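Here is the structure we will look at.
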Amino acid sequence: LAQGSSWCSARCKFSAMAPVVDAKRDAKAFLACKDTNGDASKCSRELGNAVNGIGDVVRRECYGQAEDFQKCFVHRFALSTCSDDTVNKLLACQQRLTQYVLKP
């Protein structure tokens, strides 16, 4: 490797995006199954894949907010850094990513 080069630059961006791409694919597969069958109850495998994929993306991307929330929860929100904003940041992150993955 040349000095100052990063072997990770392209590879890491791709691997970080892979779960998002997979989650979007799984969500589309569930919606297609539901449209084809007319009933979501016939698409349990696709639904499970979509939920797991979205959950994986949210878990990875909202890790910092989840850690902050967990610290507050463990200390029963008695820490000086705990406020409604702690919860709101976590919920906003989860909502933003879920909407992004489900966006056509």
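Because the structure is a prediction, the values reported are computed rather than measured. Side chains are part of it too, since the values below use all heavy atoms of this structure and drop only hydrogens, waters and symmetry mates.
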Quiz item: CD/Glu46 to CG/Asn37 distance, rounded to the nearest 0.5 angstrom?
Solution: 8.0 Å
Quiz item: How close do Lys34 and Cys43 get, heavy atom to heavy atom, and via which atoms?
Solution: N-SG, 3.5 Å
Quiz item: Under a 4.5 Å cut-off applied to non-hydrogen side-chain atoms, are His75 and Cys82 in contact?
Solution: no
Self-check item: Interatomic spacing from CG in Leu47 to CG in Asp26 - rounded to 0.5 Å
Solution: 10.5 Å
Self-check item: Flag side-chain contact, heavy atom, 4.5 Å: Val51 against Phe30
Solution: no
Practice problem: Could you list the residues that satisfy salt bridge (Lys or Arg N to Asp or Glu O under 4.0 Å) with Asp85, not counting sequence neighbours? | Solution: Lys89
Quiz item: Any side-chain heavy-atom pair from Cys93 and Leu97 closer than 4.5 angstrom?
Solution: yes
Quiz prompt | Atom of Pro19, atom of Asp56 and distance for their closest heavy-atom approach | solution = CB-OD2, 3.8 Å
Self-check item: Which residues share a ring-ring contact (aromatic ring centres under 6.0 Å, His included) with Phe69, sequence neighbours left out
Solution: Phe77
Practice problem: Dump the intermediate steps for side-chain contact (heavy atoms from CB on, under 4.5 Å) on Gln65 and Asp68, then the final yes or no. | Solution: CA-CA 5 Å; Gln65 294 88 343; Asp68 291 344; 5.5 Å; no
Quiz prompt | Side chains of Val58 and Val101 in contact at under 4.5 Å (non-hydrogen atoms) | solution = no
Quiz item: When you look at CG of Asp84, are more than 12 heavy atoms from neighbouring residues, nucleotides or ligands closer to it than 6.0 Å?
Solution: no
Quiz item: Mind checking whether Phe73 and Leu91 sit in one hydrophobic cluster, side chains of I, L, V, M, F, W, Y counted as touching below 4.5 Å?
Solution: yes
Quiz item: How far apart are the closest heavy atoms of Lys24 and Lys103, and which atoms are they?
Solution: NZ-O, 3.0 Å
Practice problem: Could you tell me which residues satisfy salt bridge (Lys or Arg N to Asp or Glu O under 4.0 Å) with Arg45, sequence neighbours excluded, listed by chain and number? | Solution: none
Quiz item: Shortest non-hydrogen contact from Thr86 to Thr81?
Solution: OG1-O, 3.4 Å
Self-check item: Exercise: identify the closest heavy-atom pair between Cys33 and Lys42
Solution: SG-O, 4.1 Å
Quiz item: Do you know the tightest heavy-atom contact between Ala23 and Ile54?
Solution: CB-N, 4.0 Å
Quiz item: Would Val21 and Arg25 satisfy side-chain contact (heavy atoms from CB on, under 4.5 Å), going step by step from the backbone distance to the final call?
Solution: CA-CA 6 Å; Val21 172; Arg25 181 199 62 226; 5.6 Å; no
